[in-house]
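Atoms within each ligand, like the ligands themselves, are counted from 1 in listed order. The chain is numbered in sequence order, starting from 1.
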Amino acid sequence: MVQKLNLKSDLGNSLRSIMERDPAFRSVAYFSMEIGLRESIPTYSGGLGVLAGDILKSAGDLGVPMVAITLLYKKGYFIQSFDQNGWQQEKPTQWNPARELTQLPNRVSITLQGREIQLSVWCYEYIGLTGFPLPIYFLDSDIEPNHPDDRKLTWHLYGGDDRYRLLQEFILGVGGLRMLRDLGYGNIETYHLNEGHAGFLTLELMREMGYYDVDKIRDKVVFTTHTPVPAGHDSFSFGLIESVFPKDALDTIHRMMPDKSHVDMTYLGLNFSRYVNGVAKKHAEVSNKMFNMDTVDWVTNGVHPGTWISPGMRQLFNTWIPGWEIDPTRLVMVLSIPHKKIWDAHQASKMRLFARVLEVTGRQLDPNVLTLGFARRAATYKRADLLFSDMKRFKEVLETGKVQFLFAGKAHPKDDGGKKLLQRIIQVSKEIGKEIPIVFIENYNMDIASLLVQGVDVWLNNPIRPREASGTSGMKCTFNGIMNFSVLDGWWIEGWIEGVTGWSIGPEPSEDDLINYDESQDAVDLYNKLEKKIIPTYYNNREKWIEMMQYTIALNASFFNTARVVREYCEKAYNVDFRGV
Ligand SMILES: *Cc1c(COP(=O)(O)O)cnc(C)c1O
């Protein structure tokens, strides 16, 4: 009887789902200072958090027995606006966790600055493509009976001073593990530190064991580093730590870091993990050199297919490449989709983007004009203004009407250098915006990001090398057939085939990049390629352009996705089996 068969498989499924909801089933715990799942949960500031969210979604899609933990950040990151001088203004984000997450009754306590702090927890359950649940927990100190100052500790992401940051990192590492235990996660075999911020987790593991054994800790921890520059690594003086930590944690950290004046979170990660990786091949090389090691492996980053694909491309892929979303390697088949269908899907995304631009800026852009996008954190090393470094040449190349530019990006509230960059872009757009449309979209976030990576024609990226550990916004573009035009750094070294998947800017990377790389060459190359290659191909050889779109999807999107990333982590770092697809 047909019904009997159905009943059986339903029963199988529900048993499976009960097992998957049992905390004892989970063997990997992912710790991240920020996690970006979607715009309505503003607990991220940029690439690190969005990557964490994308990885967790793919882990859910693939059925990896994982759980994740972060902080709640009730005030989010910030909302960006500008004053009359083009200077960035910041307002706290208002969001209502109760609308997005479920608060659980669990409570754990930790001691900081001599006071007991109770922690509460909120849960978001991501349901993967095959129905597999992946829980993500957000720690919250804003509850009774905590001291008013302690209640603010989980309000702001990157909002306070060193002390605030140190307290937050203790909450994440130590409070995070205590909370997982309270929630019933007793069989975790791998703790994944996404960047060094959660390194104090090792203290709590040591306390749980009841004795000091570095090798035992190392057996349980894996660490991903994201920062290719020494200044980017969190470091706290022992003076500060002594004024904050409880006695037992202090004794342990002194033992873990003998002869050190500072606690360097990256050092914790590197020395107390069984596996360490960077986020692109080049980044692993740079890290090995920087840390004087030879064991830093790499797992090149990716992006979550379903999160960044445009509605039009999704529909096209669903029709022509069934199963692409859970297994993006299938995207190699994109070469068989007719050019016109790809172009139509692309133009639809471009029009969606331009509708938003009109709505928020009042500026009408032309969907038949080549459009370049540049959006990322306005950190100075990302050189958002490289394009404007030679205004004479800039105007010469971009004769009226040939190219339009869209910019977006937030500067860190304390980064005046980044704010100056934004001011300059806004200034230039006012000065020459009539001849060459340059539009700045305020308040870059996941929502704006997705419109941009789906709707421009070319994605520009020109950081100072080798500062971009990986970069992920360019990968989001590849799913939408948008070519990268980028300095050879981070992931692009691996994804770049000149004139096929996009174009390079500046010289090819070499061994001595770090010391003497000629930055002035980048701007010259940028103008030349735009003039001689990109503009002519777009306007005079549309078939070649669409072929490049196909190669971008087939060769880049098929690899630079988190389905592949999560499989790699499972094999190399976690040693876990997963449900698979
Ligand atoms: C993807 C994303 C980033 C990271 O982009 P990069 O290219 O790595 O700089 C930052 N912010 C938002 C909102 C994003 O969606």
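- Using a 4.0 Å heavy-atom cutoff, Arg377 is absent from the residues neighbouring ligand 1.
- The ligand atoms of ligand 1 that sit less than 4.0 angstrom from a heavy atom of Lys476 are 1 (C), 2 (C), 3 (C), 14 (C), 15 (O).
- Residue Trp459 places every heavy atom at 4.0 Å or more from ligand 1.
- Lys476 and Asp54 are not joined by a salt bridge, as no carboxylate oxygen comes within less than 4.0 angstrom of a charged side-chain nitrogen.
- Heavy-atom proximity to Gly471, at under 4.0 Å, picks out these atoms of ligand 1: 8 (O).
- Neither the backbone nor the side chain of Ile448 comes within contact range of ligand 1; no heavy atom lies under 4.0 Å.
- Aromatic ring orientation, Tyr574 versus Tyr569: parallel (interplanar angle below 30°, classes split at 30° and 60°).
- Taking a cutoff of 4.0 Å between a charged side-chain nitrogen and a carboxylate oxygen, Arg377 and Asp415 do not qualify as a salt bridge.
- Atom 11 (N) of ligand 1 has its closest protein heavy atom at Tyr444 CE2, 3.5 Å.
- Counting heavy atoms under 4.0 Å from ligand 1, residue Ser473 touches it through both backbone and side chain.
- Within the set Pro463, Gly47, Gly53, the minimum heavy-atom distance to atom 10 (C) of ligand 1 is found for Gly47.
- Against a heavy-atom cut-off of under 4.0 Å, Met446 is close to the following atoms of ligand 1: 13 (C).
- Of the options Gln80, Gln423, Glu442, a side chain to side chain donor-acceptor pair (under 3.5 Å) to Gln88 is made by Gln80 and by none of the others.
- For ligand 1, the polar-atom distance check finds no N/O of Tyr44 at less than 3.5 Å from any of the ligand's N/O atoms.
- Close approach of ligand 1 to Ala449 is summarised as follows: ligand atoms under 4.0 Å from at least one heavy atom of the residue are 15 (O).
- Both cation-pi conditions hold for Lys410 and Phe78: the charged atom is under 6.0 angstrom from the six-membered ring centre and inside a 45 degree cone around its axis.
- Using a 4.0 Å cut-off to heavy atoms of Trp308, the atoms of ligand 1 that qualify are 15 (O).
- With respect to Arg567 and Glu571, no salt bridge is recorded, no charged nitrogen being found less than 4.0 Å from a carboxylate O.
- The existence of a salt bridge linking Lys282 and Glu468 is excluded, since no basic side-chain nitrogen approaches an acidic carboxylate oxygen closer than 4.0 Å.
- Geometrically, Arg376 does not engage Tyr444 in a cation-pi contact defined by less than 6.0 Å to the ring centre and at most 45° from the axis.
- Proximity of the aromatic rings of Tyr267 and His233 is defined here by a centroid distance below 6.0 angstrom, and this criterion is not met.
- Looking from atom 8 (O) of ligand 1 to the surrounding protein, the closest heavy atom is Thr472 N, 3.0 Å.
- Heavy-atom distances between Lys382 and ligand 1 reach below 4.0 Å in at least one pair.
- For ligand 1 and Gly46, the ligand atoms under 4.0 Å from any heavy atom of the residue are 10 (C), 11 (N).
- In summary, the atoms of ligand 1 found under 4.0 Å from a heavy atom of Asn445, numbered by their order in the structure, are 13 (C).
- Taking a cutoff of 4.0 Å between a charged side-chain nitrogen and a carboxylate oxygen, Lys289 and Glu285 do not qualify as a salt bridge.
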